[in-house]
Asks: 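Structure incoming, see below.
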Amino acid sequence: MALELNRLTHEVTALGLNLAERLTQLAERLPGAQGSLRAIGVVDDALQRKVAAALPFRWAGAIPTAEAVDAAFPAPPAPARYNAIAADGSQIYPDRHGVALYYLINIGSIVFRSGLAQAPSQASRPQVFYEDADLYEEDGGQKPAVLIDAERDWRELAELARLAQAEAQAAPSVAVLDNGLLLYLSLQIDDQALIRELFSRYLDQLDLLRASGAAVAGVVDRPRAASVVRLLHLNGLAQSEIREDALRDLGPNYAGLTDSLIFGFLRPGERSALFVNASPNNDIYYRPRDHTIYFFYLNAGRPGKDALLRVEVPEWVAVDPARLNLVHAALVAQSRVSDGFPYILVRAHELAVVSVAERRAFDEMIMGALIRQRLSPAISRKAQGKAWTGGGRRRFGG
Amino acid sequence: MLVDTAVTIGRLLRSATTGYVFGCSVPEPDVPRFGDFVKAPAQRGRTNVIGLIYNIVIEDDAFVRQMVATPDLDEAYILDQRLNRQVPIEVSVLSIGYYDGLGNGSSAGTIACGLPPQPPVTLDSIRPCTQREVIECTGSFEYLRLVLNAPDAPADELIAVSLRSAAAMRPPEDRLFFLRGAGRELARLLSRDLPRLENLLRRIKP
């Protein structure tokens, strides 16, 4: 064993103490923050003006909608018959120490036809990329992981769109991703033309989903966002105090708090009010295509075991009560059987994930293909060394 | 090479000379059942290992365990777990005989009672035995000794069920004769355990 656990005893104890202290501090701040949320209620013109003043500073807050910010909406009844569709993806990144340079994306999907006594249909669609154009950028550098992630994200949404087009005519349908719908590509890629192209391809799939008649939602488990916390902080600033530094420093009342703590008052099945994500990407790329991303929080748990999810939906779902209620009802119904996280997402992940054993088997397939071409495949010496030592050290005489 | 048209009811997971375990998905109402006679190819198809099903285990996993407490479970969730997810049903088989010599599963070759020279191999197809195979395999009652000595199988139950099933495969006029013969063999094997013998004889009495 390389990790000497006995050397970490003190640090682990300190970590536990630190976490307990932080939670105590946050618990002290929480009632005040929740009180601020209740005090806002339905947003007035003054707060709207503050939001408008904050946006030019790339403020990462939550833009309120017509719903009272402290509202809690109980789950509507799920239709007797509806389709719940999910897709999830996993990948093997290129490994320059492996037997060959390639990457792989595997998309798992499931169509759950609630109200029909039939097994869901499921699929697992792997694709391997090995051409130079797949692996290298124009400057000759190896394609970075963020672009492979973007390709996976696009394929997940494209799979949802394909399935929604096939299923949505038969019954009300909701298509669900295990991820937010708002991509954060611009934080990791410098090439503006490439960013535009990636967003455009992604939004094309949202166009198809809208045209299919289905609703779509991106689900984030255990959300760490503090968008609504930033709104509360903004509300406490005077109009004249709205500056970049003042917006960034959440101060002693809100620092460390998250939206999921604020919305801890939601009872099982309830959703929060809708908010608009204030991300610049939302405004630059999504809004012109009428896909502005809204979000709400949902307690998908059960009495005694809360499970808060952040749910992102495009504008055409947010403003359509039938589609919004379907998203709400279906996520609650689906989470009831899988302990607070939608069943279809658990299954889509199961269908997508590439296990260590599967990866090893795939590498052996590649090795066989190379040998049949009279090549002599070999992993790098570094990878060989890791293979020799990765099983853990054995000690003798101790 | 054995050619057998009987339906495959599962595929082999692991094996030993004394028995094997095969996996299958959702059980059909009639197969596999406790006490059924099944066979698996061995020695690259030159022979079949005949055995008795003595245990059927339906495996679970953390996902299934989590779901069992959910009230009013939609049928689609149940069907998804049963039909789509790869959680096999494990069926344990006690080896009791094998084809001796080059035969084919339907007519040629003789069935020898006892443990096979080689166990079947992973992913081999498991099929139910034909009526002829059951009759031939149980004709000498030698398999009863193997069952009685099996450490893991519920021997008495397995003997009672398999004898009744083997009797039912014979012509009506032969059934009583067959069961009397089985009773005599059991009396010989269990001569020092009369309570057990009495219980078994009561179970197989027509």
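These numbers come from a predicted model, not from an experiment. Sequence lines set the chain letters: A, B, ... in the order given, protein chains first and strands last, and positions in each chain run from 1.
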Asks: Would you list the atom pairs in which one atom of chain A and one of chain B form a donor-acceptor pair under 3.5 Å?
Replies:
unit_1: A:S114; atom_1: OG; unit_2: B:D74; atom_2: OD2; d: 3.2
unit_1: A:P120; atom_1: O; unit_2: B:N84; atom_2: ND2; d: 2.7
unit_1: A:Q122; atom_1: NE2; unit_2: B:N84; atom_2: O; d: 3.3
unit_1: A:Q334; atom_1: NE2; unit_2: B:Y77; atom_2: OH; d: 3.2
unit_1: A:R336; atom_1: NH1; unit_2: B:P71; atom_2: O; d: 3.0
unit_1: A:R336; atom_1: NH2; unit_2: B:P71; atom_2: O; d: 3.4
unit_1: A:R336; atom_1: NH2; unit_2: B:D72; atom_2: O; d: 3.3
unit_1: A:V337; atom_1: O; unit_2: B:Q66; atom_2: NE2; d: 2.8
unit_1: A:Y343; atom_1: OH; unit_2: B:D80; atom_2: OD2; d: 2.6
unit_1: A:Y343; atom_1: OH; unit_2: B:Q81; atom_2: NE2; d: 2.9
unit_1: A:R347; atom_1: NE; unit_2: B:D80; atom_2: OD2; d: 2.6
unit_1: A:R347; atom_1: NH2; unit_2: B:D80; atom_2: OD1; d: 3.0
unit_1: A:E350; atom_1: OE1; unit_2: B:R85; atom_2: NE; d: 2.9
unit_1: A:E350; atom_1: OE2; unit_2: B:R85; atom_2: NE; d: 3.0
unit_1: A:E350; atom_1: OE2; unit_2: B:R85; atom_2: NH2; d: 2.5

Asks: Does B:F177, at its CZ atom, have more than 12 non-hydrogen atoms belonging to other residues, nucleotides or ligands within less than 6.0 Å?
Replies: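 Result for CZ/B:F177: open.
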Asks: According to side chain to side chain contact (heavy atoms under 4.5 Å, CB included), who are the partners of B:I56, at least two apart in sequence or on a separate chain?
Replies: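 Checked B:I56 against side chain to side chain contact (heavy atoms under 4.5 Å, CB included); matches are B:P32, B:I53, B:I89, B:V91.
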Asks: If the condition is side chain to side chain contact (heavy atoms under 4.5 Å, CB included), which residues does A:P76 pass it with, not counting sequence neighbours?
Replies: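 A:N325, A:H328, A:A329.
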Asks: Which heavy-atom pair separates A:P120 from B:A76 by the least distance, and what is that distance?
Replies: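 Here A:P120 and B:A76 meet closest at CD-O, 3.5 Å.
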Asks: Which atoms of A:L351 are under 4.5 Å from chain B, going by heavy atoms: the side chain, the backbone, both sets, or neither?
Replies: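 The answer is neither part of A:L351.
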Asks: Can you name the ring pair (Phe, Tyr, Trp, His ring centres under 6.0 Å) partners of A:F362, sequence neighbours left out?
Replies: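 By the ring pair (Phe, Tyr, Trp, His ring centres under 6.0 Å) rule, A:F362 matches A:Y102.
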